[in-house]
Number of protein chains: 2
Amino acid sequence: MLTNTDKRMAPVKRETFSNQIATNLRRAIISGEIEGGTQITESDLARHFGVSRGPLREAMGQLASEGLIVTIPYTGTRVLKLSPRDIREIHSMRTALETLAFKEIWDHRDAAFARELEARHKVLLATLEMNDHVASSEAEVNLHSLVYEACGHRLLLESWQRIAGRLQLYLAIHQRAHGRRGPIKDAHERYMQLALGDSLELMLAEVEDHMRRGISQLESYLDGLDG
Amino acid sequence: MLTNTDKRMAPVKRETFSNQIATNLRRAIISGEIEGGTQITESDLARHFGVSRGPLREAMGQLASEGLIVTIPYTGTRVLKLSPRDIREIHSMRTALETLAFKEIWDHRDAAFARELEARHKVLLATLEMNDHVASSEAEVNLHSLVYEACGHRLLLESWQRIAGRLQLYLAIHQRAHGRRGPIKDAHERYMQLALGDSLELMLAEVEDHMRRGISQLESYLDGLDG
DNA sequence: AAATGATCGATTGTCAACAATCTTGCCAGC
DNA sequence: GCTGGCAAGATTGTTGACAATCGATCATTT
């Protein structure tokens, strides 16, 4: 009997044009290839991707539902330009979600979880070393994604994925602006240790702290701008 | 200078076909007019609404992103059939979100908030009196929506709205199956009192309790089915 | 009889043309 | 100089036809 645990035996994924385009466009936005606030038009993108406006529209609908782009009827579409308020909201939202995720997974953590966490941590460290902001923002989100993937809460995972794009966008911008990789590295050492440790309470405190640090960092950045 | 606080001065809403259809379809699903698991086809619905498949497809895309329907490429689309697992997930997710919402709003509650809360509570009581399951599930969701609308956290509101449909669907089914309106009424008396009270701690405890009661109710229902 | 392969209807995916709407810039009139 | 309206261009919204894929049914073969 064939079991489904081997990923090579997983059911094939139908990749419709819309999905492929959505994936590519998402990458382009998150990586900063298309700057925030830029206007994008369906016809141009359709030409660029070599498809008609139909599937492209659908892809844009997806990204719009993720908040990565904003469409005004009959007028135009622009890629998200993150405001300080957006960033504060992303931080607090993420804290609430990650708190739930750790509560859910805490008593179900196993060896595979620890192994995968270490693996993703290594990737993050490597990308930090190379100073590749896009790659390391992706690695950071990927590291944090694990707890959502592993906790077995589909709705929670879905909610996380809906804000993960915006978070990654922020991380990439932030690192590019004043990319001090030391704090990121330290923060994730702590994260790893606590996530594999014995105290849920300490882990949740770290999650909250992580948010507070992020917001205070944002605030001092804003003060430096116009203060 | 004109401020934007007056709702009559808010920018007009463009209601495109897709949006109207999405709204109507959502209602039809949530109200149970279309049963869970039913297959729906784009052509049929397009004929029914008197539009072409394009806008209808877009509306279905929206509902799919809300989890109310599930589409398999080239194969078909079915409306969501809630599983016990879905319901457990909705409950825990909702608890996490509502906890954040009350933390955010607690020190900013004002007279208008209290007034609106009372108003929506009255509507809920009225619908319960009339034994209209669809209307009262809508009223219940509407009552709980206020804290999300008023807390000024756009991302949180967005996340709430994404699960509110599924929650309402569950509430309507649940009430129709064994509609005891007494407990609902009592629970919301408590909710009102605490939401307008002085202790955030007590309010959050109530939110958690509300979830626990919901899940244990679900569990005893399941036991009664196959036990 | 069981397994394999072909056929057909149903359903979603894609396309290119057309319609509706918004924004911008210009011009006349005051 | 300012206001109002009008026209042009750009952009999204909508349509109907065609293509690709799937699931079930039925014939074929071993």
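We name chains A, B, ... by the order of the sequence lines, and we start the count at 1 in each one.
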Whole angstrom value for the distance that separates [atom2] of [N] from [atom1] of [X]:
{"X": "B:Phe17", "N": "C:dT21", "atom1": "CZ", "atom2": "P", "result": "9 Å"}
{"X": "A:Glu42", "N": "C:dA19", "atom1": "CD", "atom2": "P", "result": "18 Å"}
{"X": "A:Arg78", "N": "C:dC22", "atom1": "CZ", "atom2": "P", "result": "17 Å"}
{"X": "B:Arg47", "N": "C:dA10", "atom1": "CZ", "atom2": "P", "result": "12 Å"}
{"X": "A:Leu56", "N": "C:dG13", "atom1": "CG", "atom2": "C1'", "result": "14 Å"}
{"X": "B:Tyr74", "N": "C:dT12", "atom1": "OH", "atom2": "P", "result": "12 Å"}
{"X": "A:Arg53", "N": "D:dT11", "atom1": "CZ", "atom2": "P", "result": "11 Å"}
{"X": "A:Met60", "N": "D:dG13", "atom1": "CE", "atom2": "C1'", "result": "13 Å"}

Using a cut-off of less than 4.0 Å, is there contact between a side-chain N or O of [X] and OP1 or OP2 of [N]?
{"X": "A:Ser18", "N": "C:dG13", "result": "no"}
{"X": "A:Arg57", "N": "D:dG13", "result": "yes"}
{"X": "B:Thr71", "N": "C:dT11", "result": "no"}
{"X": "B:Ser43", "N": "C:dA10", "result": "no"}
{"X": "B:Thr75", "N": "C:dA10", "result": "no"}

Counting only heavy atoms from other residues, nucleotides and ligands, does the tally under 6.0 Å from CD of A:Glu15 exceed 12?
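It does: A:Glu15 CD has more than 12 such atoms within range.
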Is there a donor in the side chain of B:Ser83 and an acceptor in the side chain of B:Asp86, or the other way round, less than 3.5 Å apart?
yes
Do B:His144 and B:His188 pair up side chain to side chain, a donor and an acceptor below 3.5 Å, judged on atom types alone?
yes
With a 4.0 Å cut-off on heavy atoms, is [X] in touch with a base, just the backbone sugar-phosphate, or nothing at all?
{"X": "B:Gly76", "answer": "sugar-phosphate"}
{"X": "A:Glu15", "answer": "nothing"}
{"X": "A:Ile40", "answer": "sugar-phosphate"}

Both A:Glu58 and A:Pro73 contact DNA chain C. Which one's nearest nucleotide lies toward the 5' end?
A:Glu58
Closest nucleotide of DNA chain C for B:Gln39 versus for A:Ile72: which of these residues is on the 5' side?
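Nearer the 5' end of the strand: B:Gln39.
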Would you call A:Arg27 and A:Glu33 a salt bridge, taking side-chain N to carboxylate O under 4.0 Å as the test?
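Looking at A:Arg27 and A:Glu33, the cut-off is not met.
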Among C:dT14, D:dT11, D:dT15, which nucleotide sits nearest the side chain of B:Pro55?
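Among the listed nucleotides, the one closest to the side chain of B:Pro55 is D:dT15.
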Nucleotide of D:dT12, C:dG13, D:dG16 approaching B:Ser52 most closely (side-chain heavy atoms)
D:dG16
Distance flag, aromatic centroids of A:Phe113 and A:His108, threshold under 6.0 Å
no
